[in-house]
Amino acid sequence: MPLREQHVTIDGRVLRYLDTGAGAPFLLVHAFPLSADLWEPQLLAPPPGWRLIAPDLRGFRGPDAGRPVEPLGDVTVDDYARDLLGLLDHLEIAAAVVGGLSMGGYVTFALLRQAPRRVRGLVLADTRPQADSDEGRAKRRDMLALIARDGVEGVAEAMLPGLVGATTLRDRPEVVARVERLILANHADAVRAAVSAMMTRPDSTPLLAAIDRPTLVMAGQEDAIIPLDVAEALHGAIPGSRLTVLPGAGHLPNLEHPEAFNAALARFLEERL
Ligand code: MLT
């Protein structure tokens, strides 16, 4: 399946997105500190009847990756969501299924808050609805200091062991190397801006009980960043949602176990949408 790399200017900024398949639109929102390329195993095998669209969040990867870009300033999850709505407008897509992994889930909640009618269904993978706790915000401040001192290399070193599950870490060095390459392909300013967006995000739990779209909650069983009980509670709070737990995978199950992830996704889309 050919993978189209496209660029569009939204609000004066170039946004890169990957586009594949044909049919009903499905927007995929990546995790921190990665990029649209996180979704490559899904983009290379789109479910029949579906068009997958994976954008980089503001500043990630994109045409200027690795080179100094104009400073992004402070960014919020609402800014990211507005960029994605701009992309849907550009593509003349009235409504899409939206799937977000971790930080991508935070942005998906923002999108749902801003424009519920543009969301046909939801996939919430390894994410949480709550805002950061005080302790979480203190860790974000440490991360900002790390980025200022050691750049994306420091972030990769600090985060890699937790981003994948214990099984992947032990048995699949090629997956760990792939995640590292994805992190290192980003500019430090995009990563810094994302930390500030995550630490200022609002609590999305008040949204959950009113979600009336088909929803799939997914989680890697070995996720050390967002533990399984968070996914179970998320599933419990969204009426009619489905929960799929992927054994042997951690925080990035779509990369760690793409076949199982893709099969669960295809089943959900076929049965619920
Ligand atoms: C992510 O994977 O997007 C981040 O680890 C989420 C977070 O730090 O809250």
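One-based numbering, in listed order, for ligands and for the atoms of each. The figures that follow rest on heavy atoms only: side chains count, while hydrogens, waters and symmetry mates do not.
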Any protein N or O within less than 3.5 Å of an N or O in ligand 1? List each pair with its distance, or say none.
| residue | atom | partner | partner atom | Å |
| --- | --- | --- | --- | --- |
| ligand 1 | 2 (O) | F32 | O | 3.3 |
| ligand 1 | 2 (O) | S102 | OG | 2.9 |
| ligand 1 | 2 (O) | H251 | NE2 | 2.6 |
| ligand 1 | 3 (O) | F32 | N | 2.8 |
| ligand 1 | 3 (O) | S102 | OG | 3.1 |
| ligand 1 | 3 (O) | M103 | N | 2.8 |
| ligand 1 | 8 (O) | R140 | NH1 | 2.8 |
| ligand 1 | 9 (O) | Y106 | OH | 2.6 |
| ligand 1 | 9 (O) | R140 | NH2 | 2.8 |

With sequence neighbours left out, the residues meeting ring pair (Phe, Tyr, Trp, His ring centres under 6.0 Å) with H257 are none
**Q.** Between T167 and E222: side-chain donor-acceptor atoms closer than 3.5 Å
**A.** yes
For T244, the side-chain hydrogen bond (donor to acceptor under 3.5 Å, both in side chains) test, sequence neighbours excluded, returns none
Contacts of Q42 meeting side-chain hydrogen bond (donor to acceptor under 3.5 Å, both in side chains) (sequence neighbours excluded), chain-then-number -> N254, N262
Exercise for the section: Scan side-chain atoms only and decide if D203 and T205 contain a donor-acceptor pair under the 3.5 Å cut-off. Expected result: yes
Exercise. Decide whether H251 and D223 meet the rule of one side-chain donor and one side-chain acceptor closer than 3.5 Å.
Key: yes
